[in-house]
Enquirer: 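Structure in C-alpha cells, see below.
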Amino acid sequence: MADPKGFMTTPREEWPRRPVGERVRDWDEVYVPGALLPLVGRQADRCMDCGVPFCHDACPLGNLIPDWNDLVARADWRAASDRLHATNNFPEFTGRLCPAPCEAGCVLAINQPAVTIKNVECAIADRAWEEGFTSPRPPDRLSGRTVAVIGSGPTGLAAAQQLTRAGHTVAVYERDDRIGGLMRYGIPGFKMEKRHLERRIGQMREEGTRFRTSTAVGRDVDAAELRARYDAVVIATGATAWRELPVPGRELAGVHQAMEYLPLANRVCEGDLAVSPLSAAGRHVVIVGGGDTGADCLGTAVREGAASVTQLDIYAQPGTERDEEAEPWPTYPRLYRLSAAHEEARHLRSAPAADADARLFAASTLRLTGDGEGHVRALHLVAVDAGRRPVPGTERELPADLVLLALGFSGPDRTDGLVDGLGLEMDPRGTIARDQDFTTSVPGVFAAGDAARGQSLIVWAIAEGRAVAAAVDRHLSGGTTRLPAPIGPYDRPMTA
C-alpha cells in the first residue's frame, strides 16, 4: 500500500453530486464534472492491501482491487488501467451503475466506512479513455469459426468482445434500433450518459465485432436457421419478462410497466421524440416497487415535471447500520441508501405523503380506481407487517394519474419465438436451463446473463459474459481456452 496509515488518517469522501436545482433541469450525469480525480488518490490510499482481500470474493469479476488502488495512489494510471481491464471489459459502466458489493466486502468496512472502490474504478476507466489506454485489440489471426450473440446488454457485449479478441468472427443481434440493451433504453442518462456506451461500441467495431440492430431473432430471423448458419450461438437476451401487479384496476389507462415508460424518456434524450407519450409532466405519479428501476422512474418523473411522485416499497424501511446477525460482513447488507433520485425528490418535496424522501415503506397496493372514462385516478394501499400481511385500519389513498410498475423481471421474454424456435428447455424459475458449461439443451447453443441466471447485477452480467465466452471458445477450439472464466453458472452472491 502507498500509505500504510491512510485508512486511519483519511476519511471516506465520495464523488460530489451537482446541486439538485441544477441537475434536475437536464439529463446529464448527476456528479460534479472533474471533481472525482482530486479525490481518488487519497481515497485509494485508504486501501489496506489486505492479506485476504474479501472485496475480490464480493465482486464476481474478481477485480484486482488492492492492486489498482495502490497504483492509483502512486498515480500510475496506465498500470492501473491494465489491472482493471484484466478482469472487467467495461469498468466505466460498473463504476457508474453497480451497487458496489465489493465495498460491502471491504475489510475496512468491518468497523469503518469502506474504501470508495467504485469511485476509484470509475476514475481509472475515465482516465484510461482520456489518455488513450483503451486502444482496440483486434486478434492477430482469425480462427475461421463464427458465433452469433443474441442480445447487446452487458452480458452479450462482454461475450462478444472476448470471443472477437480470441479470433472468432462474432455478430451481435439486437432487437432494438441501437446497441446497448437496458443500458441504452432502460438506464437514464443522469445515471450513465450514453457517450460511454458509444465509445465501447466503437472500440468493439474496430476490433471486428459486427452488429445487427432492429433484428429480433425468432421473429425477424428464424431461430433455427440462425443456429444453422453459425458454429455457436450465445443467448444473452436478459430477463425482460416483467412481473405484473394482479390487483383490481390494473386494466385502467395510465398504468404502465417501468420498461414501457423509461425507454420513451431515453428516446427523447436520443432525439427520436420531442416529448414522451407517457411523460409525467403535470401528473400525479405513483411507482410500485422499491428497487433501482423504481428509483430510475422517480428521477425521470422529477425531470419531466411531475406534479407529485411517490414510490412504494413493500419492505420496511431499513436501518443505516448493518445487522450483524442477519447480514454479517462481508455479505451485501440491506441498508437505507439515498440515491440521487431520492435526494432530488426529498429536496423538491415531490412526495408529500411519503415517509422518507419519496418512498412509502411497508406499503402494498390494494386496488386502482379510475374515472368514468377508464383512466386511473387513485391508488389504494395498505401498510403491511414483516410477513407482508395487511395491517387493519391503515388503508389510504394516493392521487395517481400515472402508475408505473417496477416489480422486477421473471425471465426471458418468450413472445418473439426465440426460445420456442430453438426448442430450449426452461428451468422451474422460468429461465433458460443450462449445464456447468453454460450449454443449453440444444448443442452449440449457450445461455448467459439474466436470461439464464435470473435478474441480477451488472457485475454478474459482465462476469457471465466473460465466463460464457470461455466456454464457447473451449467448445470451438477442441477443449482448451485461454479466456478467463470468473464464475460458474451456479455461483451466487455471498449470503449468511
Side-chain angles (χ1 to χ4, degrees), residues 20-21 23-27 30 185-191 242 244-245 247-270 272-314 339-361 363-381 395-407:
V20 169
R23 70 188 195 233
V24 297
R25 293 196 297 268
D26 61 44
W27 296 87
V30 299
Y185 290 127
I187 300 295
F190 57 80
K191 287 184 68 174
W242 51 57
E244 264 297 345
L245 181 69
V247 298
R250 169 59 182 92
E251 74 286 353
L252 291 167
V255 183
H256 299 276
Q257 289 283 348
M259 284 304 155
E260 294 174 312
Y261 171 73
L262 290 171
L264 291 170
N266 274 297
R267 287 192 177 279
V268 171
C269 295
E270 294 276 8
D272 298 342
L273 300 170
V275 179
S276 167
L278 299 182
S279 174
R283 304 170 80 175
H284 295 288
V285 182
V286 178
I287 302 160
V288 183
D292 288 343
T293 301
D296 292 345
C297 292
L298 172 63
T300 300
V302 166
R303 282 162 177 77
E304 289 179 335
S308 70
V309 54
T310 306
Q311 183 180 7
L312 306 185
D313 190 331
I314 199 167
S339 72
H342 293 118
E343 181 184 52
E344 292 156 6
R346 183 177 67 179
H347 180 85
L348 299 173
R349 300 183 181 275
S350 299
D355 297 327
D357 47 72
R359 287 171 281 193
L360 275 173
F361 290 97
S364 179
T365 304
L366 290 174
R367 62 189 180 279
L368 305 168
T369 54
D371 57 22
E373 298 179 355
H375 198 289
V376 67
R377 288 290 177 254
L379 181 145
H380 303 261
L381 60 91
E395 291 190 24
R396 57 190 298 190
E397 176 182 325
L398 294 179
D401 37 36
L402 177 61
V403 175
L404 302 174
L405 308 182
L407 300 169

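Side chains included, hydrogens not; waters and symmetry mates left out as well; all remaining heavy atoms used. Residue numbers run from 1 in the order of the sequence given.
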Enquirer: Heavy atoms only: give me the nearest Ala301-Val309 pair and the separation to one decimal.
Expert: CB-CG2, 4.1 Å
Enquirer: Just list the side-chain donor-acceptor pairs under 3.5 Å for residues 396-406, sequence neighbours left out, or say none.
Expert:
residue, atom, partner, partner atom, Å
Arg396, NH2, Ala353, O, 3.4
Asp401, OD1, His284, N, 2.7

Enquirer: Among pairs that include at least one residue of residues 363-372, which meet side chain to side chain donor-acceptor pair (under 3.5 Å), considering only residues two or more places apart or in two chains?
Expert: Thr369-His380, Asp371-Arg377
Enquirer: Calculate, to the nearest 0.5 Å, the distance between atoms OG and NE2 belonging to Ser350 and His342 respectively.
Expert: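 So the gap between those two atoms works out to 11.0 Å.
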Enquirer: Rounded to the nearest 0.5 Å, what separation is found between the CG atom of Leu381 and the CG atom of Leu366?
Expert: 7.0 Å
Enquirer: Test: side chain to side chain donor-acceptor pair (under 3.5 Å). Region: residues 287-299. Which pairs qualify, not counting sequence neighbours?
Expert: Lys191-Asp296
Enquirer: Using the test side-chain contact (heavy atoms from CB on, under 4.5 Å), find all partners of Val30 that sit at least two apart in sequence or belong to another chain.
Expert: Arg17, Arg23, Phe190, Arg303, Ala340, Glu344
Enquirer: Could you report the tightest heavy-atom contact between Ala345 and Leu298, atom names first, then the distance?
Expert: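 Heavy-atom minimum between the residues: CB-CD1, 4.0 Å.
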Enquirer: Could you pull out the closest heavy-atom pair between Gly189 and Asn266, with the gap in Å?
Expert: N-OD1, 4.0 Å
Enquirer: For residues Ala295 and Ala341, report the shortest heavy-atom separation together with the two atoms involved.
Expert: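 Closest approach of Ala295 to Ala341, heavy atoms only: O-CB, 3.4 Å.
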Enquirer: Starting at CG of Leu245, measure out to CG of Leu407 and round the result to the nearest 0.5 Å.
Expert: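 Nearest 0.5 Å value for the CG-CG distance: 6.0 Å.
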Enquirer: Search all heavy atoms of Asp357 against all heavy atoms of Ala354 and return the closest pair with its distance.
Expert: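 So the minimum-distance heavy-atom pair works out to O-CB, 3.5 Å.
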Enquirer: How long is the span from the CZ atom in Phe361 to the CG atom in Leu312, to the nearest 0.5 Å?
Expert: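 So the CZ of Phe361 and the CG of Leu312 are separated by 11.0 Å.
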Enquirer: Where is the tightest heavy-atom contact between Ala280 and Val285, given as atom of each residue plus distance?
Expert: CB-CG2, 3.7 Å
Enquirer: Would you please name every residue forming a side-chain contact (heavy atoms from CB on, under 4.5 Å) with Asp272, sequence neighbours left out?
Expert: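 For Asp272 the side-chain contact (heavy atoms from CB on, under 4.5 Å) partners, ignoring immediate neighbours, are Asp177, Arg178, Tyr185, Arg267, Glu270.
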Enquirer: Can you tell me which residue pairs pass the side chain to side chain donor-acceptor pair (under 3.5 Å) test with a partner in residues 251-264, sequence neighbours excluded?
Expert: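 Listed by first then second residue: Glu244-Gln257, Tyr261-Glu304.
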Enquirer: How long is the straight-line distance from CG of Leu264 back to OG1 of Thr300, given to the nearest 0.5 Å?
Expert: 11.0 Å
Enquirer: Is there side-chain contact between Val288 and Leu379, with heavy atoms separated by less than 4.5 Å?
Expert: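 Val288 vs Leu379: side chains touch.
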